[in-house]
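Notes to accompany the following structure.
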Protein chains: 2
Amino acid sequence: MARRESRRGRQAEAERNDRLVLEAARTVFAEQGAGAPMSALADLAGVGIATFYRRYGSKEELLQRLCLLSMEESIASAREAIAAEGDGWSAVAGFVRRCVDARVGSLGSAAGTIAVTAEMTAASELGRRLMEELVGRARADGTVRTDLTALDVSYLIEQFSRSPRGTEERANVSGRLLALALDGLRSGARREDLPGTPPDWETYSGRWYHADID
Amino acid sequence: MARRESRRGRQAEAERNDRLVLEAARTVFAEQGAGAPMSALADLAGVGIATFYRRYGSKEELLQRLCLLSMEESIASAREAIAAEGDGWSAVAGFVRRCVDARVGSLGSAAGTIAVTAEMTAASELGRRLMEELVGRARADGTVRTDLTALDVSYLIEQFSRSPRGTEERANVSGRLLALALDGLRSGARREDLPGTPPDWETYSGRWYHADID
DNA sequence: ATCTATCGGAATGAATCACTCCGATAAAGA
DNA sequence: TCTTTATCGGAGTGATTCATTCCGATAGAT
């Protein structure tokens with residue numbers, strides 16, 4: 001029988017692999033795009049290819065699972081950020097950092113190539129509402145530039161989720177660039193308004209529903 | 001015989017294609033990575049595949065040419081920025097904008113997969129010197145944060161060169177995010193220092209000399 | 001009317017990919 | 001100790017994709 005806490009032997013290996021496999025998939029798909037070969041995930045995880053297929057029936061299923069986990073992580077982060085004390089900018093910055101850390105939004109390259117499940121749609125809409133609230137509050141308390149929209153923040157997360165962090169040096173660089181961008185979110189005297197028009201959700205989410213097929 | 005100015009007919013088409021082909025290659029490799037198929041370039045350019053092979057002997061040769069053109073564009077931009085009047089931040093911001101516009105630095109994904117020519121090495125070193133000067137001056141006049149290095153700027157350009165601009169909406173988003181990041185370069189009271197350590201050139205350029213082969 | 005430069009894209013052979021199958025390994029239980 | 005069972009890694013497979021070549025078509029130029 002399985003022990004309640006910390007199983008042993010083969011079962012422990014399987015549990016370890018559960019995490020290993022998911023983390024490797026996140027990293028590789030984030031950095032190389034959804035077109036990355038399954039063998040690349042296996043190499044990074046240090047396991048055989050079959051270890052992936054024992055857990056997920058297909059590459060598409062794995063991608064769907066990753067998308068859903070991303071959105072759930074993003075929702076949890078947004079809730080915490082909204083509940084946190086402190087000024088609006090700090091809340092937004094903390095939220096963005098956590099999302100980038102978890103590589104939320106790194107799967108844009110899968111848009112149009114995998115089916116969108118009902119769960120994904122629901123999570124996406126909840127996430128959107130929470131982000132609107134978070135950014136709205138930050139604008140209201142004056143610590144974030146007033147022309148910033150929640151969707152700008154989404155795109156920002158998406159962009160930084162993709163940057164490579166495989167080596168210490170790359171992770172270091174990534175952290176510096178993110179710090180720069182986050183400082184750019186602050187309200188401030190010397191700033192000009194953001195150029196162009198606020199992005200729209202239609203375009204942002206529409207990517208997922210129209211396949212890339214000719 | 002060919003007329004001096006504006007050739008006609010087939011020759012004009014060939015010249016038009018010269019530009020079309022190069023621009024399509026820049027865009028596709030920037031957005032999809034160096035692994036993009038040649039057919040994708042042809043589709044975007046609206047020409048046949050052979051039109052590429054009539055101009056460049058191989059994919060590798062095309063990538064080398066693009067790299068060199070990128071670096072030359074970057075050098076020209078840096079020279080203009082250094083010569084320009086105005087404060088240091090504006091010079092750096094203008095430089096970055098122009099580089100991102102030209103997709104300089106979007107070929108990082110080709111690193112390790114193509115041979116580095118002597119011309120490329122030389123251009124890279126000159127570019128580096130000019131950027132050090134540009135950023136050094138901007139730091140000195142107090143309009144840019146003092147912990148910013150030239151290499152941070154290089155990585156910034158690289159990151160933004162990859163963002164998709166295929167539709168008006170995506171170009172718009174890209175412009176907004178870049179504006180945010182550029183504002184983050186400014187010196188300012190409320191800022192904390194950039195985290196981590198300054199990136200080093202060894203790592204930055206080293207990517208090109210060690211193939212991805214196992 | 002013929003020549004010639006250039007074109008587009010089908011054809012080709014090599015390489016890569018998603019996914020399956022199976023022999024090996026080691027924990028658990030008799 | 002010996003068998004059972006869960007899990008493992010990676011070679012094997014058929015389908016797909018890619019870089020590159022080749023050739024018939026097209027339209028200026030002469």
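So you know, we letter chains A, B, ... as the sequences are listed, proteins then strands, and number each from 1. All values below were derived from every heavy atom in this structure, side-chain atoms included, with hydrogens, water molecules and symmetry-related copies excluded.
Using a 4.0 Å cut-off between a side-chain N of Lys or Arg and a carboxylate O of Asp or Glu, A/Glu73 and A/Arg98 qualify as a salt bridge. A salt bridge does not link A/Arg165 to A/Glu31: none of the charged side-chain nitrogens sits closer than 4.0 Å to a carboxylate oxygen. A salt bridge links A/Arg162 and A/Glu158; the closest N-O separation between the charged side-chain nitrogens and carboxylate oxygens is under 4.0 Å.
As a whole-Å value, the separation of B/Tyr53 OH from D/dC18 P is 12 Å. Between the CZ atom of A/Phe52 and the C1' atom of C/dC19 there is a distance of 14 Å, rounded to whole Å. Rounding to whole angstrom units, CG of residue B/Asp43 and C1' of D/dT17 are separated by 14 Å. Computed from coordinates, the A/Glu15 CD to C/dA27 P distance equals 16 Å when rounded to whole Å. For the pair B/Asp18 CG and C/dA5 C1', the interatomic distance rounds to 13 Å; values are reported in whole Å. Atom-to-atom, CG of A/Leu63 to P of C/dC17 comes out at 15 Å; the value is rounded to the nearest Å. Nucleotide D/dT7 holds its C1' atom 15 Å from the CG atom of A/Leu20, rounded to whole Å. Rounding to whole angstrom units, CG of residue B/Leu41 and P of D/dT20 are separated by 11 Å.
Within the 4.0 angstrom heavy-atom criterion, only backbone atoms of the sugar-phosphate kind lie near B/Ala36; the bases stay farther away. Counting non-hydrogen atoms under 4.0 angstrom, A/Ala45 reaches nothing in the nucleic acid. Within the nucleic acid shown, A/Ser39 has no heavy atom closer than 4.0 Å to any nucleic acid atom. In this structure, A/Gly57 reaches neither bases nor backbone, as no heavy-atom distance under 4.0 Å exists between it and the strands shown.
Taking every side-chain heavy atom of B/Met38 into account, D/dA19 is the closest of D/dA19, C/dC7, C/dG8. Of the listed nucleotides (C/dC7, C/dC19, D/dT20), C/dC19 has the atom at the smallest distance from the side chain of A/Ile49. Here the side chain of B/Pro37 is nearest to one of C/dG8, D/dC18, C/dG9, namely D/dC18.
Taking only side-chain nitrogens and oxygens, B/Thr51 comes nearer than 4.0 Å to OP1 or OP2 of C/dG8. For the pair A/Asn17 and D/dT7, the criterion of a side-chain N or O lying under 4.0 Å from OP1 or OP2 is not met. For C/dT6, the OP1/OP2 oxygens have no side-chain nitrogen or oxygen of B/Arg54 closer than 4.0 Å. At the phosphate of C/dC7, OP1 or OP2 sits under 4.0 Å from a side-chain N or O atom of B/Arg55.
Comparing A/Gly35 and A/Ala50 along DNA chain C, the residue whose closest nucleotide (by nearest heavy atom) sits nearer the 5' end is A/Gly35.
Of all the heavy atoms in B/Glu61 and B/Tyr56, the pair that sits closest is OE2-CA, 3.8 Å.
Side-chain atoms of A/Glu169 come within 3.5 Å of backbone N or O of B/Asp200 as a donor-acceptor pair.
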